[in-house]
There are 2 protein chains.
Amino acid sequence: MSTADAQIVTKHLRADAVRNRAKVLEAARAAFAEHGSEAQMEDVARRAGVGVGTVYRHFPTKRALAEALVEARFDEVLAFARTLVDEPGPDPWEPIVLCFEHCAATTERDRGWATALAVMAGSAVAGPREHQQDELLALMDQLLARARAAGVVRDDLAAADLPALFCGLASVVQAGSKSWRRYLDLLLDGLRPRP
Amino acid sequence: MSTADAQIVTKHLRADAVRNRAKVLEAARAAFAEHGSEAQMEDVARRAGVGVGTVYRHFPTKRALAEALVEARFDEVLAFARTLVDEPGPDPWEPIVLCFEHCAATTERDRGWATALAVMAGSAVAGPREHQQDELLALMDQLLARARAAGVVRDDLAAADLPALFCGLASVVQAGSKSWRRYLDLLLDGLRPRP
DNA sequence: ACCTGAACACCGTTCAAGT
DNA sequence: ACCTGAACACCGTTCAAGT
């Protein structure tokens, strides 16, 4: 959906505009990774080698630019989740663990990712990236169903519970806690079936 | 400690300065509760009925003002934890639950509180409110010791694990999740002893 | 169509002038 | 000693002029 949109837009873009858009996104990635939401639009423009006006032509506000980056990350996360669903291993518990670890790793690389997860956890009626969110939940639901069937997770754990768990994990990682491993181990252990 | 500091300073303040300082803090409380960290210094000054310069005389930066508010909240939380330690009930698990619920409730009323918890979870070497942090950890340690002795919590759960748990909870609450209750129930259940 | 960058608006912070 | 608020600095955003 978002990919389709991007292509439709792309068709109407001049060649140099396409290049500039990509350069801006790449520059923004670097700037936001380094400075978080404090990153400056002027700095993004400088790194991309364009004028500020060009940045604003492609992304109406700083927030929109940040969200475009998150959308790209979302696609990565979706691809990862799809792999887990499509290539099931012998242990149905493992993909659950991998999802949480992937969430933590993504948060470490991209400070904007925690915000995306917070939006999902808030579960406002609709919102940006709604389709991405739905797809991720559907994928997680499949992973959970398998794990439940195998009796390796609490049988009352639903996919709808996960965004909040990811959100919590992301904030712990982002707090810079050296020991998010310990936090994650506690969390995962708590998701195991009750006796 | 912080209370002592405040009194030492108070002695050197002129009567009108004391009043103004209190008015600024009260105005800041309202402004930050309403707008979060987006609150404007000019607005704080207006609500307090003073000039911006007066706000800056008492608090060198916006960040310092926000931290003063958090320090006050911290004192409230410490008082609550002290009560739990000093007036033990029949059920040693209950105070643990109350601590988490109090954390969630405080986060709902004060958006700045989540930041304080994130700092604790990050456990940087030192930092502001270090004594408050230490005291809170010591109190939690006592509550945990009792619960462990009664066999109502995982015996590997340490007080040092709690800041991360609080941090995660606070971010879920702050995300505006209607169902942080569900999140908290999952979390607490995960802290129960293993079979 | 798209790009540029000077100009504008907004808000955190400072400081000269007041009491 | 402390207060005031105009002035400054910084950064997000706009828009007239260019190609």
Side-chain angles (χ1 to χ4, degrees), chain A residues 5-70 111-112 115 128, chain B residues 5-70 111-112 115 128:
Chain A
D5 281 349
Q7 285 185 345
I8 288 171
V9 173
T10 304
K11 277 186 186 167
H12 297 284
L13 284 180
R14 229 166 54 183
D16 58 338
V18 174
R19 273 195 307 274
N20 279 338
R21 196 188 144 91
K23 282 195 291 182
V24 167
L25 269 176
E26 188 50 39
R29 218 182 307 277
F32 277 82
E34 189 167 334
H35 299 110
S37 59
E38 314 273 75
Q40 297 171 211
M41 296 299 270
E42 182 66 43
D43 184 35
V44 170
R46 195 167 31 243
R47 291 185 198 233
V50 302
V52 245
T54 301
V55 177
Y56 279 93
R57 161 163 282 265
H58 291 288
F59 306 96
T61 64
K62 182 177 174 178
R63 179 176 206 69
L65 178 55
E67 281 174 358
L69 292 177
V70 170
R111 300 167 94 174
T115 312
Chain B
D5 281 350
Q7 288 186 341
I8 289 172
V9 174
T10 303
K11 277 185 187 168
H12 297 285
L13 285 181
R14 227 165 56 180
D16 58 338
V18 174
R19 274 195 307 273
N20 279 338
R21 194 188 145 91
K23 283 196 292 183
V24 167
L25 270 176
E26 187 50 40
R29 217 182 309 276
F32 277 82
E34 189 167 334
H35 299 111
S37 60
E38 314 274 75
Q40 297 172 213
M41 297 299 270
E42 182 65 43
D43 184 37
V44 170
R46 196 166 30 241
R47 290 184 198 233
V50 301
V52 247
T54 302
V55 176
Y56 279 93
R57 161 162 283 263
H58 291 288
F59 306 96
T61 66
K62 183 177 174 177
R63 180 177 204 69
L65 178 55
E67 281 174 357
L69 292 177
V70 171
R111 300 166 94 174
T115 313

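Side chains are part of it too, since the values below use all heavy atoms of this structure and drop only hydrogens, waters and symmetry mates. Within every chain, numbering begins at 1; the chains are lettered A, B, ... in the order of the sequence lines, protein sequences first and strands thereafter. Remember, it's a predicted structure, so these values are computed and weren't measured experimentally.
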Taking only the side-chain heavy atoms of [X] (C-beta and beyond), determine which of [options] contains the nearest atom.
| X | options | result |
| --- | --- | --- |
| B:Val52 | D:dC3, C:dA6, C:dT13 | C:dT13 |
| B:Asp16 | D:dC3, D:dT13, D:dT4 | D:dC3 |
| B:Arg14 | D:dT14, C:dA1, D:dC2 | D:dC2 |
| B:Gln40 | C:dC3, C:dT4, C:dG12 | C:dG12 |
| B:Met41 | D:dC11, C:dT4, C:dT13 | C:dT13 |

Interatomic distance, [X] [atom1] vs [N] [atom2] [rounded to whole Å]:
| X | N | atom1 | atom2 | answer |
| --- | --- | --- | --- | --- |
| A:Arg46 | C:dC3 | CZ | P | 19 Å |
| A:Asp43 | D:dC11 | CG | P | 10 Å |
| A:Glu42 | C:dA7 | CD | P | 14 Å |
| B:Arg21 | D:dC3 | CZ | P | 12 Å |
| A:His35 | D:dG12 | NE2 | C1' | 17 Å |
| B:Phe32 | C:dC11 | CZ | C1' | 13 Å |
| A:Arg63 | D:dT13 | CZ | P | 11 Å |
| A:Glu38 | D:dC11 | CD | P | 10 Å |

Taking the side chain as every heavy atom from C-beta outward, state whether A:Tyr56 and A:Met41 have any pair of such atoms under 4.5 Å apart.
-> yes
Are B:Asn20 and B:Arg57 side-chain neighbours, meaning at least one heavy-atom pair lies under 4.5 Å?
-> no
Trace of the salt bridge (Lys or Arg N to Asp or Glu O under 4.0 Å) decision for B:Lys23 with B:Glu26 = CA-CA 5 Å; B:Lys23 283 196 292 183; B:Glu26 187 50 40; over 6 Å; no
According to a strict under-4.0 Å criterion, is [X] in side-chain N/O contact with OP1 or OP2 of [N]?
| X | N | result |
| --- | --- | --- |
| A:Asn20 | C:dC2 | no |
| B:His58 | D:dC2 | no |
| A:Arg57 | C:dC2 | yes |

Classify the nucleic acid contact of B:Ala64 as base, sugar-phosphate or nothing, counting any heavy atom under 4.0 Å across all strands shown.
-> nothing
Give one of base, sugar-phosphate or nothing for A:Ala15, where a contact means two heavy atoms less than 4.0 Å apart.
-> nothing
Nucleotide forming a Watson-Crick or wobble pair with C:dG18, both distances under 3.5 Å | D:dC2
What does C:dA9 pair with, Watson-Crick or G-U, if both distances are under 3.5 Å?
-> none
Option among A:Arg111, A:Arg47, A:Arg29 that satisfies the side-chain hydrogen bond (donor to acceptor under 3.5 Å, both in side chains) test with A:Glu34 = A:Arg47
Inter-residue atom distance A:Asp43.CG - A:Glu38.CD, 0.5 Å rounding = 12.5 Å
